[in-house]
Amino acid sequence: MTRINPEIIKKDFPIFNQDIHGRKLVYLDNGATTQKPLQVIEAMAGYNKIAHGNPHRGAHKLSVEATKAYNSSKETVRKFINAKSTEEIIFTRNTTESLNLIAYSYGREFINEGDEILLAISEHHSNILPWQRLAKERKAILKYMYLNAEGRIPLDEIKNKISEKTKLVSVGHMSNVLGTIHPVEEIIHHAHRVGAVVVVDGAQSAPHMKVDVQEMDADFFVFSGHKMLGPMGIGVLYGKKEILEKMSPFLLGGDMIEYVYEQEATFAPLPYRLEAGTQNVEGAVGIKAAMEYLEKIGLDKIEEHEKELTQYALDRMLSLPYIDIIGPKDLEMRGGLISFTIDGIHPHDIATILDSYGVAIRAGHHCTQPLMRFLDLHATSRISFYLYNTKDDVDQFIEGVKNVRKWFGYGS
Amino acid sequence: MTRINPEIIKKDFPIFNQDIHGRKLVYLDNGATTQKPLQVIEAMAGYNKIAHGNPHRGAHKLSVEATKAYNSSKETVRKFINAKSTEEIIFTRNTTESLNLIAYSYGREFINEGDEILLAISEHHSNILPWQRLAKERKAILKYMYLNAEGRIPLDEIKNKISEKTKLVSVGHMSNVLGTIHPVEEIIHHAHRVGAVVVVDGAQSAPHMKVDVQEMDADFFVFSGHKMLGPMGIGVLYGKKEILEKMSPFLLGGDMIEYVYEQEATFAPLPYRLEAGTQNVEGAVGIKAAMEYLEKIGLDKIEEHEKELTQYALDRMLSLPYIDIIGPKDLEMRGGLISFTIDGIHPHDIATILDSYGVAIRAGHHCTQPLMRFLDLHATSRISFYLYNTKDDVDQFIEGVKNVRKWFGYGS
Amino acid sequence: MDLNSIYSQLIMEHNRSGHNKKHLPNPDITEKGHNPSCGDDITLELKLNGDTIEDAAFTGVGCAISQASTSMMIDLIKGNTIEEALKLVEIFLGMIKKEVTNEEELEKLEDAIVLQNISNMPARVKCAVLAWHTLKEALSDV
Amino acid sequence: MDLNSIYSQLIMEHNRSGHNKKHLPNPDITEKGHNPSCGDDITLELKLNGDTIEDAAFTGVGCAISQASTSMMIDLIKGNTIEEALKLVEIFLGMIKKEVTNEEELEKLEDAIVLQNISNMPARVKCAVLAWHTLKEALSDV
Ligand SMILES: Cc1ncc(COP(=O)(O)O)c(C=O)c1O
Ligand SMILES: Cc1ncc(COP(=O)(O)O)c(C=O)c1O
């Protein structure tokens with residue numbers, strides 16, 4: 001397999017044409033949001049320049065073009081995750097809305113008193129709070145699977161926590177703090193044996209590895225455009241058709257109805273039923289362009305590239321005695337993000353000082369306070385890679401870390 | 001007051017550089033969605049090229065820039081509608097989501113059995129369905145104000161329908177079918193006397209006239225970016241601070257929390273509490289650029305210009321005996337959109353044939369089936385103006401209509 | 001898209017559609033068809049003789065495309081057996097979806113073949129198929 | 001932004017902050033302050049003598065900015081009356097919001113004046129003000 005050349009890829013990304021505080025930008029905050037290639041920026045601008053209209057039902061050319069653009073984006077998304085049909089693809093605003101939609105439209109209907117909802121302790125707040133509210137409303141029980149010392153969910157934990165009472169399991173495919181790739185196939189297998197439905201939060205996985213929702217057999221799979229080279233303001237909810245069909249609408253309004261009377265209404269078929277109001281066609285155009293860009297390069301190659309960077313970064317970081325890696329220290333079932341702490345220096349100070357060297361990383365609780373409490377940490381620093389990162393980026397980051405130590409008066 | 005020159009304005013809008021079916025584009029579907037000036041397209045592209053990051057809590061420069069861009073957009077929106085503070089400005093996805101948010105977060109808490117919710121029969125589906133669901137859930141009563149023959153809500157109707165039982169009134173500021181500007185100040189005055197809260201759906205008004213939410217004294221005011229030169233995927237919810245503060249969150253997830261524990265969570269202050277997950281910063285940048293563009297030209301001038309076009313179009317249309325105007329036939333309290341029917345020709349055929357002459361109009365029920373039923377119509381055709389439309393556009397439209405008649409074998 | 005040629009033929013058909021737009025004296029089957037997004041609304045009436053469609057007519061409102069399509073369908077199926085009519089419906093729906101392209105098959109649709117390129121006007125496809133779906137519904141009840 | 005100069009001074013302060021980071025034997029007031037978005041968490045202890053702040057100290061976790069800011073505040077308020085301390089809090093919060101710019105006023109903040117330009121690091125403003133808000137809270141209970 002020929003490798004990808006991130007130096008050439010970087011040329012597609014205008015953001016790297018600038019200096020940050022007089023230095024070249026080393027962007028290692030891809031877990032939070034990713035940068036956009038010109039291909040995505042121009043696809044959206046192009047849509048706005050020649051084809052913009054309100055889709056659906058418009059008989060004029062611009063409306064027809066907008067409808068085509070929207071539908072063709074759905075087909076691209078369908079193929080990207082190998083869904084059976086575009087009826088299974090609902091555009092939302094982001095992962096957070098996708099999860100809220102499921103909790104509302106599926107949860108309120110199908111979770112009952114005493115039922116169990118199961119999460120991993122490593123979930124992002126967006127994959128915790130909607131279930132907390134649902135559990136409270138429906139008098140259901142919210143349970144967690146805990147992690148072992150390596151940051152993985154042990155098989156026993158899966159088997160023990162999934163019981164006949166379990167009606168819904170929602171689990172992050174890849175942890176946005178630990179980088180662990182959780183064994184979703186195992187979880188789905190066990191959950192389906194007891195008839196539970198499984199939601200996979202793919203916010204951190206879909207951008208970085210080939211996902212096949214049919215092979216995985218997930219009942220729902222959700223992710224965000226802005227973490228995969230696409231625009232903010234658009235996210236995806238995949239759901240199996242037979243399940244989506246049972247769900248009541250979430251947002252109500254234009255375009256998702258059939259007949260509206262003064263006191264009641266009937267709803268349109270899938271996928272329209274779950275998409276209310278004027279949809280974000282530009283966002284759809286952007287996510288399509290992003291997926292096309294990723295597929296042209298190849299998700300397998302991107303994954304390979306990130307693995308290589310991760311190995312390289314782990315090696316360099318493990319050689320510095322004052323760095324603690326939070327999460328698996330090898331490449332097995334882990335993605336391209338690394339959380340760490342540095343003895344005696346608070347993660348926020350690390351991030352601020354690294355910024356002055358042009359190195360963008362994230363620090364904090366990463367929207368995972370229950371995990372932080374479980375790990376007995378207040379915050380971590382995190383680097384996260386994507387296809388445009390280079391070994392040189394890692395080197396600059398390591399140089400930066402050494403400088404952070406110096407600022408605090410430590411020898412390096 | 002110097003007039004605006006739409007021919008010069010048109011030059012800012014790349015969409016007009018193309019031919020539609022070999023003819024110049026006459027875009028008269030602004031009620032559905034508007035076109036974007038280069039200033040908006042480039043503001044968003046520029047953000048993506050130099051300043052994109054995930055806002056809030058990020059310590060690195062790109063995140064700081066994104067946060068600044070987001071906050072500065074809120075300030076622009078605040079000024080645009082003259083809200084007291086940016087805490088009163090919540091970004092949503094569109095008008096539809098704004099209305100659903102109110103029905104969920106305000107309605108479920110404060111509407112009780114037997115309470116009355118009052119709408120006008122001319123509401124858009126997005127301003128009907130959330131209240132139908134709420135009324136059903138809370139065992140409340142959904143009532144309608146009906147219109148007189150001119151398409152206006154008579155003062156008596158307002159006084160009769162608002163009673164001590166009325167707890168919430170939600171009304172479109174300007175009808176997207178009739179063009180009528182409803183007397184929201186009167187409605188608010190009467191509603192406040194009985195302690196009811198008033199939601200104003202400004203989807204059709206905010207883009208076209210100066211709105212001052214404090215002067216109007218609306219409790220909520222909602223609109224969409226894509227109907228005012230801005231991007232799709234971003235909308236606004238204004239609410240009075242003291243009301244927003246009483247509301248429970250809508251979507252739950254990242255960025256809207258304070259502390260999250262396994263079984264419960266506390267929420268961040270306004271406006272964050274009502275904005276979950278990664279926000280649409282690009283959308284915020286786009287709506288800001290759109291508002292700045294509109295304000296540079298002047299909303300009073302835009303309104304004046306649209307009035308002139310509307311008068312001109314009404315005059316020409318009223319002179320054709322086979323056209324029926326649906327809605328007020330004079331300029332009093334009406335905006336720049338005109339619904340009509342043509343004897344013997346279905347609205348969809350009118351739209352399709354006009355398209356072949358490069359004239360983009362909308363036809364159908366315009367997401368207002370209860371109004372259509374009230375008017376005893378199946379559908380109408382609709383033209384709707386904006387700052388870039390010209391008298392020449394009206395002339396081409398009229399020529400087109402004459403041709404439609406010819407196609408159907410009528411003399412003109 | 002040669003709008004002019006498709007559309008002007010359709011409008012001609014529409015303007016002639018009066019001969020099929022009426023009530024039948026004693027219909028054996030009455031089936032309503034709706035197109036919520038357009039507001040189109042037709043009622044199809046069928047008179048059977050054994051399993052032959054002896055007579056057919058329609059009432060209702062709709063655009064030129066749906067009215068013309070309905071009228072052409074009625075001209076086509078009159079005198080056919082139910083089975084033949086259902087076969088024609090399949091050919092028509094197949095043509096619209098571009099799944100049936102065989103010339104010989106398509107010619108069985110007679111005048112209705114003019115709707116072959118309606119997918120170039122995607123907003124209007126539903127208008128074209130309304131009557132055919134309604135007929136299918138009507139006959140599947142028999 | 002001259003990050004280097006602000007930040008290196010803050011870190012020096014932070015590294016010296018140990019002298020204020022401890023428990024008081026018998027504090028009259030104990031007040032917790034949180035910064036949920038950072039996870040910063042401090043506890044302020046005050047020993048009063050009449051309405052004079054005789055001694056003060058803090059414990060807790062946080063970044064260099066919040067720890068340095070807390071320690072500088074403690075150095076500043078020790079020996080002041082409650083009223084004087086509250087006045088200093090207002091000057092400090094005013095400085096951060098760029099509402100207080102008068103040099104003479106600002107000098108009353110002594111070392112803490114180094115935080116004047118923290119608004120150039122918007123993500124860190126909350127770290128700088130945590131202790132001061134906590135003190136205000138503590139003293140408003142008296
Ligand atoms: C009066 C009115 N309200 C609400 C809406 C819904 O707006 P959106 O589709 O942007 O949510 C529209 C636009 O279609 C409208 O005209
Ligand atoms: C694992 C995970 N889930 C959910 C989210 C929320 O995504 P968004 O903010 O785009 O809704 C994120 C990103 O922050 C994430 O990393």
Side-chain angles (χ1 to χ4, degrees), chain A residues 14-15 18 20 29 32-33 35-36 41 45 48-50 52-54 57-62 93-94 96-97 100 124-126 128-130 132-133 142 144 226 231-233 251-254 257 260 262-265 276-278 280-283 348 351-352 355 360 362-364 367 369-370, chain B residues 14-15 18 20 29 32-33 35-36 41 45 48-50 52-54 57-62 93-94 96-97 100 124-126 128-130 132-133 142 144 226 231-233 251-254 257 260 262-265 276-278 280-283 348 351-352 355 360 362-364 367 369-370:
Chain A
I15 201 102
Q18 68 184 312
I20 298 287
D29 193 18
T33 197
Q35 300 301 336
K36 294 179 197 66
I41 298 171
N48 280 322
K49 285 178 184 171
I50 64 168
H52 170 63
N54 198 318
R57 285 204 281 286
H60 61 76
K61 178 153 183 290
L62 292 176
R93 184 218 278 243
N94 52 25
T96 302
E97 194 193 14
N100 278 271
H124 188 280
H125 292 160
S126 295
I128 296 178
L129 282 103
Q132 284 186 352
R133 175 157 71 187
L142 189 58
Y144 290 85
H226 71 93
M232 293 169 132
L251 301 180
L252 302 172
I257 54 88
V260 178
E262 289 189 22
Q263 299 297 335
E264 62 204 7
T278 302
N280 184 355
V281 184
E282 293 150 64
H348 280 114
T352 297
D355 178 54
R362 185 130 305 224
C367 296
Q369 291 182 13
Chain B
I15 200 101
Q18 69 184 310
I20 299 285
D29 193 19
T33 197
Q35 300 301 336
K36 294 178 198 67
I41 297 171
N48 280 322
K49 285 178 186 172
I50 64 168
H52 170 62
N54 199 318
R57 286 205 279 286
H60 62 76
K61 177 152 185 289
L62 292 176
R93 183 217 279 243
N94 51 26
T96 302
E97 193 192 14
N100 277 272
H124 188 278
H125 292 160
S126 295
I128 296 178
L129 282 104
Q132 284 185 352
R133 177 158 68 188
L142 188 60
Y144 290 86
H226 71 93
M232 292 168 133
L251 300 181
L252 302 173
I257 55 88
V260 178
E262 289 189 23
Q263 299 297 334
E264 62 204 8
T278 301
N280 184 355
V281 184
E282 294 150 65
H348 280 114
T352 297
D355 177 54
R362 186 131 304 225
C367 297
Q369 290 182 13

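Naming: A, B, ... by sequence-line order, numbering from 1 per chain. The structure displayed is predicted, hence computed values, not measured ones.
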- Please flag which part of A:N280 lies under 4.5 Å from any non-hydrogen atom of chain B: side chain, backbone, both or neither. both
- Item | Part of A:L62 within contact of chain B (heavy atom distance under 4.5 Å) | side chain
- Query: Which residues satisfy the side chain to side chain donor-acceptor pair (under 3.5 Å) test with B:Q35, sequence neighbours excluded?
  - Reply: none
Give the member of [options] that has the highest number of heavy-atom pairs under 4.5 Å with chain A.
{"options": "B:K61, B:H60, B:H226, B:E264", "result": "B:H60"}
{"options": "B:R93, B:K36, B:E262, B:E282", "result": "B:E262"}
{"options": "B:N48, B:V260, B:N100", "result": "B:V260"}

- Message: Can you give me the closest heavy-atom contact between B:Q263 and A:L142, atom names plus distance?
- Response: NE2-O, 2.9 Å
- Message: To check you understand the geometry: which heavy-atom pair defines the closest contact between B:A32 and A:N54, and what is its length?
- Response: O-ND2, 2.9 Å
- Query: So, A:N94 side chain and B:T278 main chain: donor-acceptor pair closer than 3.5 Å or not?
  - Reply: yes
- Is a side-chain donor or acceptor of A:S126 paired with a backbone partner of B:G254 at a separation under 3.5 angstrom? yes
- Query: Which residues satisfy the ring-ring contact (aromatic ring centres under 6.0 Å, His included) test with B:H124, sequence neighbours excluded?
  - Reply: none
- Message: Using a 4.5 angstrom heavy-atom cutoff, name the option from A:T33, A:I15, A:T96, A:L252 with the most pairs to chain B.
- Response: A:L252
- Gap separating the CD1 atom of A:I41 from the CD1 atom of B:I41, nearest 0.5 angstrom: 13.5 Å
